[in-house]
Number of protein chains: 4
Amino acid sequence: MLHCIHSVFLPGNVSKRLLITCCEPAFELNVGIPDPVQDTRERILSAALKLFAEKGYVSACTKDIARSAGVAEVTLFRHFTSKDRLLEEVLSHFTFVSVMPQLLKEIADLPCEEALTILAGRFIDYLILRKDWVSIMQAEMQRAPDKLFTVYHAFLDELFGGFVACFRQLQRRGCMGDFDLELGARMFHGICFNYFTQEELLGRKNYKSADRDLVLRGFVRIFLYGTSRNRRSE
Amino acid sequence: MLHCIHSVFLPGNVSKRLLITCCEPAFELNVGIPDPVQDTRERILSAALKLFAEKGYVSACTKDIARSAGVAEVTLFRHFTSKDRLLEEVLSHFTFVSVMPQLLKEIADLPCEEALTILAGRFIDYLILRKDWVSIMQAEMQRAPDKLFTVYHAFLDELFGGFVACFRQLQRRGCMGDFDLELGARMFHGICFNYFTQEELLGRKNYKSADRDLVLRGFVRIFLYGTSRNRRSE
Amino acid sequence: MLHCIHSVFLPGNVSKRLLITCCEPAFELNVGIPDPVQDTRERILSAALKLFAEKGYVSACTKDIARSAGVAEVTLFRHFTSKDRLLEEVLSHFTFVSVMPQLLKEIADLPCEEALTILAGRFIDYLILRKDWVSIMQAEMQRAPDKLFTVYHAFLDELFGGFVACFRQLQRRGCMGDFDLELGARMFHGICFNYFTQEELLGRKNYKSADRDLVLRGFVRIFLYGTSRNRRSE
Amino acid sequence: MLHCIHSVFLPGNVSKRLLITCCEPAFELNVGIPDPVQDTRERILSAALKLFAEKGYVSACTKDIARSAGVAEVTLFRHFTSKDRLLEEVLSHFTFVSVMPQLLKEIADLPCEEALTILAGRFIDYLILRKDWVSIMQAEMQRAPDKLFTVYHAFLDELFGGFVACFRQLQRRGCMGDFDLELGARMFHGICFNYFTQEELLGRKNYKSADRDLVLRGFVRIFLYGTSRNRRSE
DNA sequence: TATGAATGAGTTTTCATTCAT
DNA sequence: GATGAATGAAAACTCATTCAT
């Protein structure tokens with residue numbers, strides 16, 4: 001269950017490798033114990049994640065998921081009882097892990113603009129890594145079985161909390177102004193999440209990807225200066 | 001086809017009435033010509049919009065749409081050939097109309113912060129009015145028949161263009177700093193759209209709705225100060 | 001819905017023809033109006049009756065029923081919503097009709113032994129005519145959805161009432177003794193029903209069928225003498 | 001395999017305890033030899049008997065039977081090869097044992113009416129004890145694998161034989177008239193079996209159970225008087 | 001002997017779509 | 001133009017049974 005921790009929010013661009021690895025983390029961690037049962041289960045989960053994201057929950061049929069996982073359709077039901085339960089398990093199995101704490105340490109010594117730019121970058125990397133997961137959430141929220149709501153809201157709460165903590169740390173260091181942290185967190189999240197949505201989910205490659213850092217830096221600067229007015233105005 | 005224009009981006013809060021009216025605008029506009037054929041067509045489109053948004057494209061079955069529109073299932077096919085075509089027609093029928101031009105005039109004489117706050121508010125009102133439409137787009141983009149992409153990207157382009165034009169106007173009036181307008185538009189859009197998504201689509205009523213103006217004003221201030229640094233720093 | 005009345009409880013042995021006709025009575029009555037919808041419905045009902053009786057409810061699959069009715073499987077569901085509902089409709093569609101009144105008239109002038117023998121014979125004929133229906137009831141009662149219970153108990157109540165009325169009539173004519181009519185009805189019913197079960201359902205052709213009348217007459221005599229003891233003893 | 005003998009046809013009413021005990025008789029008899037293999041086998045047989053009776057052969061799935069017996073599903077197949085064979089084994093394992101001989105001795109000295117009333121009562125007690133077994137037979141006869149037919153017909157033959165023997169004994173003692181014994185056996189059986197079916201299987205508690213003896217006595221009297229006419233008429 | 005894992009064949013049911021009127 | 005009836009294709013899910021250990 002601890003898979004993907006290492007790769008998340010690490011410096012550097014997200015590589016194709018990471019995206020693929022993301023779906024089958026057990027392999028790396030359990031190399032010594034190739035438990036065939038877990039393997040089957042894991043393969044089904046990964047196949048389901050991929051197909052749910054690709055075709056939507058309803059259109060991704062269990063037969064295809066099973067075939068794609070290399071097992072018989074029944075096997076899927078043996079492991080997950082129903083398609084609905086499979087969705088739930090997929091969404092909790094691949095759910096985020098708390099990364100903010102570590103990240104806060106990483107950016108502790110960086111200058112403010114640098115810190116926020118890296119924060120934004122890592123957050124987006126993380127979303128890219130969890131692209132399928134996010135995709136499913138975006139698409140299925142309105143059909144929203146309660147379980148989804150719970151998981152997704154927990155995800156958002158965790159994020160906002162992380163942003164708030166980050167801002168507070170920067171404030172303590174004296175490099176961020178005094179402002180409504182909750183509101184700032186929502187704003188910062190909106191900017192990053194929207195960037196991700198447009199670039200990755202909608203495929204609107206408005207900016208060459210090489211320029212990503214520039215764009216994010218641009219966002220950060222506006223945000224940083226905007227929230228600094230109180231300090232400045234003093 | 002131009003229904004809803006009047007109600008969009010007009011000053012004042014979006015009332016329940018408007019939201020409801022939105023789905024059956026033809027009645028009000030075509031009172032003089034109660035063309036029964038158009039009527040049938042319109043009723044199907046409205047029913048489809050509602051059900052697609054509610055249950056997702058795949059899960060909203062033609063039988064339910066037809067029943068909800070008060071016609072036989074076959075009639076739906078007479079009018080729209082296939083379910084796929086129906087989706088396309090729904091999405092273009094209820095698509096946005098260019099509202100920015102008018103809005104620019106409205107805020108022409110307002111002080112900058114006021115202008116942007118109202119812009120944000122109207123934009124969100126507009127999204128609320130088009131909630132079903134947006135919902136469908138969010139959910140079905142990944143399944144993305146080309147047609148959807150085209151329509152949605154046109155929608156976004158129009159929006160960004162509008163924001164850019166608005167910023168440019170405010171710059172000319174000397175009340176906004178010098179900054180990358182495209183980048184600003186993306187940022188501003190992200191903030192507003194994310195607010196809408198969370199409040200309306202995800203039902204995360206973090207802020208009491210009475211405070212909406214305060215929140216938006218908070219966003220706008222940060223954005224405004226942030227983009228003014230260049231001017232100020234001079 | 002009035003099918004089968006004419007053929008039930010008429011004098012004479014039950015012929016193969018009657019048994020077959022029983023399942024598609026509408027043809028005879030509605031010759032002038034070959035309503036294709038009713039026809040389809042009727043064909044499905046008949047096929048279902050037959051297959052349910054033959055293989056049991058669970059084992060008679062809807063595909064086979066549909067094929068045997070000459071329609072597509074979906075058509076069956078269009079008409080009956082679910083397999084469970086189909087069973088219910090089959091059981092009420094082919095349910096008994098009140099025949100006792102007419103029968104009482106028929107045997108009004110016959111000597112007592114003759115009257116009871118004919119009553120027993122007709123009752124068994126009737127069961128043979130409804131063999132499939134009874135078969136299903138026997139087999140599915142324990143799985144017993146409430147609906148079945150209701151229908152079957154109504155069937156039994158009607159029968160017992162009929163027997164009681166018959167005995168009372170014979171008493172009035174002075175040719176039956178004084179005895180507990182309810183108890184007598186249960187006994188008489190048990191004898192006849194058991195005969196039917198063994199001969200028809202279990203295929204225990206212990207007695208040559210030509211002797212049926214003899215067997216029944218034997219039963220009747222014992223019953224008749226047995227219930228006459230009170231009169232005799234006076 | 002001879003379990004239940006002691007409790008069958010013993011004087012006194014059938015207690016709840018007997019009914020329950022009936023399914024797991026081996027425990028009591030084999031206390032000294034707790035053969036674990038037989039135990040497993042026995043547990044499966046009992047579970048199968050219960051579930052077959054409750055849900056019908058087809059609906060009682062091997063998984064449930066196994067779970068209810070506390071073993072793995074495969075184990076069931078190890079012991080019985082196939083579900084069909086399991087049914088056969090269940091039906092022969094729990095089949096009746098010849099009880100008539102003993103019963104004849106018991107009623108040897110009783111007055112005729114008393115003897116027949118007790119005979120009827122014991123027979124019904126016996127059926128109640130074998131309720132599950134009878135239930136299965138009733139329900140599955142029509143699907144009738146040959147094996148079932150054989151077992152059930154043997155059961156009936158044994159019964160009829162018993163009744164005939166009983167009647168003959170009473171005749172010898174001079175307390176029953178001269179009549180067709182086969183025919184009488186069928187009649188007597190029908191009356192008792194029908195009583196059982198209605199009270200126990202169909203749950204038609206028409207008569208308060210306290211009155212059971214009265215009802216049976218009523219039946220017996222009619223039967224007795226009816227069959228005595230020949231003697232009397234002389 | 002006992003079992004956890006896996007499966008092929010089949011079940012009921014739903015859906016978009018066509019036909020005939 | 002509108003519809004009731006009919007359908008082929010596919011969906012989720014179940015079941016008895018086998019395999020490997």
Side-chain angles (χ1 to χ4, degrees), chain A residues 35-41 44 57-66 69-86, chain B residues 35-41 44 57-66 70-86, chain C residues 35-41 44 58-66 69-86, chain D residues 35-37 39-41 44 57-66 70-86:
Chain A
D35 181 343
V37 174
Q38 279 308 315
D39 181 37
T40 300
R41 199 185 155 80
I44 296 173
Y57 174 73
V58 211
S59 300
C61 67
T62 51
K63 186 154 82 176
D64 287 351
I65 295 172
V71 297
E73 202 179 356
V74 224
T75 305
L76 182 155
F77 284 97
R78 240 183 85 78
H79 281 271
F80 300 98
T81 321
S82 78
K83 196 188 176 188
D84 260 311
R85 294 259 329 170
L86 175 58
Chain B
D35 182 343
V37 175
Q38 279 308 314
D39 180 38
T40 298
R41 196 184 158 82
I44 296 172
Y57 172 73
V58 213
S59 300
C61 65
T62 50
K63 185 158 87 177
D64 287 351
I65 296 172
V71 297
E73 204 179 356
V74 219
T75 307
L76 181 155
F77 285 94
R78 260 218 167 276
H79 280 273
F80 300 97
T81 322
S82 81
K83 195 189 178 188
D84 262 311
R85 294 259 329 164
L86 175 58
Chain C
D35 182 344
V37 174
Q38 277 310 313
D39 181 38
T40 299
R41 197 184 157 81
I44 295 172
V58 213
S59 300
C61 67
T62 51
K63 186 153 83 174
D64 287 351
I65 296 172
V71 297
E73 205 179 354
V74 222
T75 305
L76 182 156
F77 284 95
R78 240 184 85 77
H79 281 271
F80 300 97
T81 320
S82 77
K83 196 189 177 187
D84 261 311
R85 293 261 329 172
L86 175 58
Chain D
D35 181 343
V37 174
D39 180 39
T40 299
R41 196 183 158 80
I44 295 172
Y57 172 73
V58 213
S59 299
C61 64
T62 50
K63 185 159 89 178
D64 287 351
I65 295 172
V71 298
E73 205 179 354
V74 220
T75 307
L76 182 156
F77 284 94
R78 259 216 168 277
H79 280 272
F80 300 97
T81 323
S82 79
K83 195 188 177 187
D84 261 314
R85 292 261 328 166
L86 175 58

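Throughout, a chain's letter reflects where its sequence line sits, starting with A, and its residues are numbered from 1. What you see is a predicted model, and the numbers here were worked out from it, not measured in a lab.
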5' precedence on DNA chain E between C:Val58 and B:Val58 (nearest-nucleotide basis): C:Val58
What integer distance in Å separates D:Lys83:NZ from F:dT14:P? 15 Å
Pairwise 5' ranking along DNA chain E for A:Ala72 and B:Tyr57, keeping only the more 5' one: A:Ala72
My understanding is that only residues two or more places apart in sequence, or in another chain, count here; which of them pass side-chain hydrogen bond (donor to acceptor under 3.5 Å, both in side chains) with C:Arg78? none
Can you work out whether B:Gly70 or D:Lys63 has the more 5'-proximal nearest nucleotide on DNA chain F? B:Gly70
Does B:Lys83 reach the main-chain N or O of B:Tyr57 with its side chain, forming a donor-acceptor pair under 3.5 Å? yes
Quick check on E:dA5: is either OP1 or OP2 less than 4.0 Å from any side-chain nitrogen or oxygen of A:Thr75? no
In whole Å, I'd like the distance from the CG atom of A:Leu76 to the P atom of F:dA11. 13 Å
How close do A:Lys63 and A:Glu73 get, heavy atom to heavy atom, and via which atoms? N-OE2, 3.4 Å
Between protein and nucleic acid, restricted to nucleotides 18-21 of chain E and to nitrogen or oxygen atoms under 3.5 Å apart, what atom pairs and distances do you find?
none

C:Phe80 atom CZ is separated from F:dA6 atom C1', nearest whole Å, by 14 Å
Atom CD1 of B:Ile65 and atom P of E:dC15 are separated, to the nearest Å, by 11 Å
The nucleotide from E:dC15, F:dT7, F:dA12 with an atom nearest the side chain of B:Cys61 is E:dC15
What are the two closest heavy atoms between B:His79 and B:Arg41, and how far apart are they? O-NH1, 3.8 Å
Can you tell me the distance, in whole Å, between the CG atom of D:Asp64 and the P atom of F:dT14? 11 Å
Holding to side chain to side chain contact (heavy atoms under 4.5 Å, CB included), I want the full list of residues that pass it with A:Val71, two or more places apart in sequence or in another chain. A:Thr40, A:Arg43, A:Ile44, A:Ala66, A:Ala69, A:Thr75
If I take atom CD1 in residue C:Ile44 and atom C1' in nucleotide F:dA5, what distance separates them, rounded to the nearest angstrom? 11 Å
Side chain to side chain contact (heavy atoms under 4.5 Å, CB included) involving A:Val74 - partner list, sequence neighbours excluded: A:Ala72
Minimum heavy-atom separation for D:Ala60 and D:Ile65, please, with both atom names. O-CD1, 4.1 Å
Check whether any side-chain nitrogen or oxygen of C:Thr62 sits under 4.0 Å from OP1 or OP2 of E:dT13, and answer yes or no. no
Each base of DNA chain E marked ( ) or [ ] if paired in-strand (Watson-Crick or G-U under 3.5 Å), | if paired to another strand and . if unpaired gives .||||||||||||||||||||
Please tell me if D:His79 has a side-chain N or O lying less than 4.0 Å from either OP1 or OP2 of E:dT1. no
Choose from E:dT13, F:dC13, E:dT17 the nucleotide whose nearest atom is closest to any side-chain atom of B:Ser82. E:dT17
Find the distance D:Arg85:CZ to F:dT17:C1' and express it as a whole number of Å. 16 Å
